[in-house]
Q: 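Okay, handing you the structure first.
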Amino acid sequence: MHNHWIVDLNFEEDESRTSCTASLSGFSAPGVRGIGIARRNPDDSPDSTIGEELAAARACSNLAHQLIDKAATGIETRTHETARLTF
């Protein structure tokens with residue numbers, strides 16, 4: 001079996017924060033989305049690259065946790081036992 005998922009990162013920015021949504025697309029990709037936000041300290045000069053990197057990292061981390069939760073639920077449904085997955 002071969003499957004291919006694509007991670008799509010979408011950004012929104014204003015003067016003080018950057019938000020990112022990480023979503024998956026592809027055949028049989030689960031319908032989960034991760035959200036990440038980076039806030040700029042008012043004393044720091046604006047740098048959209050840093051805000052995007054941090055917001056993307058947080059969104060991908062959130063997406064990963066949701067995928068683990070989804071997998072755990074699938075295991076529990078099949079085994080009728082509590083799944084203990086680590087990240």
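In this text, all values refer to a predicted model and were calculated from it rather than measured experimentally.
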Q: Considering non-hydrogen atoms only, spot the tightest contact between D14 and R17 and give its length.
A: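 Closest pair (atom of D14, atom of R17, distance): OD1-N, 2.9 Å.
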
Q: For the CG atom of L54 and the CZ atom of R39, what is their distance to the nearest 0.5 Å?
A: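 Those atoms lie 10.5 Å apart.
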
Q: On a heavy-atom basis, which atom in T86 and which in I68 lie closest, and how many Å separate them?
A: O-CD1, 4.3 Å

Q: Tell me the closest heavy-atom pair linking R33 and S23, and the distance in Å.
A: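 Heavy atoms only, the tightest pair is CG-CB, 3.7 Å.
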
Q: Using 0.5 Å steps for rounding, measure from the SG atom of C20 to the CD atom of E52.
A: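 C20 SG to E52 CD: 8.5 Å, rounded to 0.5 Å.
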
Q: Provide the closest heavy-atom pair for A38 versus G51 in the form atom of the first, atom of the second, distance.
A: CB-O, 3.5 Å

Q: With a 4.5 Å limit on heavy-atom distance, are the side chains of L85 and I75 in contact?
A: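 In contact.
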
Q: Classify the side-chain pair S28/N3 by whether it contains a donor and acceptor separated by less than 3.5 Å.
A: yes

Q: For residues E76 and T82, determine if any side-chain heavy atom of one lies less than 4.5 Å from a side-chain heavy atom of the other.
A: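 Yes, side chains in contact.
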
Q: Rounded to the nearest 0.5 Å, how far apart are OG1 of T21 and CD of E12?
A: 7.0 Å

Q: Does anything in residues 10-42 pair up under ring-ring contact (aromatic ring centres under 6.0 Å, His included), and if so which pairs, sequence neighbours excluded?
A: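 Found none.
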
Q: Between P30 and K70, which heavy-atom pair has the shortest distance, and what is it?
A: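 Minimum heavy-atom contact is CB-CE, 3.4 Å.
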
Q: Run L9 and C60 through side chain to side chain contact (heavy atoms under 4.5 Å, CB included) and show every step you take.
A: CA-CA 9 Å; L9 302 176; C60 289; 4.0 Å; yes

Q: So, using side-chain contact (heavy atoms from CB on, under 4.5 Å) as the criterion, who are the partners of A29 when residues are at least two apart?
A: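 Here the qualifying residues are W5, L24.
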
Q: Determine whether a donor-acceptor pair (N or O, by modelled atom type, separation under 3.5 Å) exists between the side chain of N62 and the backbone of I35.
A: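 A pair under 3.5 Å: yes.
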
Q: On a heavy-atom basis, which atom in A55 and which in S19 lie closest, and how many Å separate them?
A: CB-C, 4.3 Å

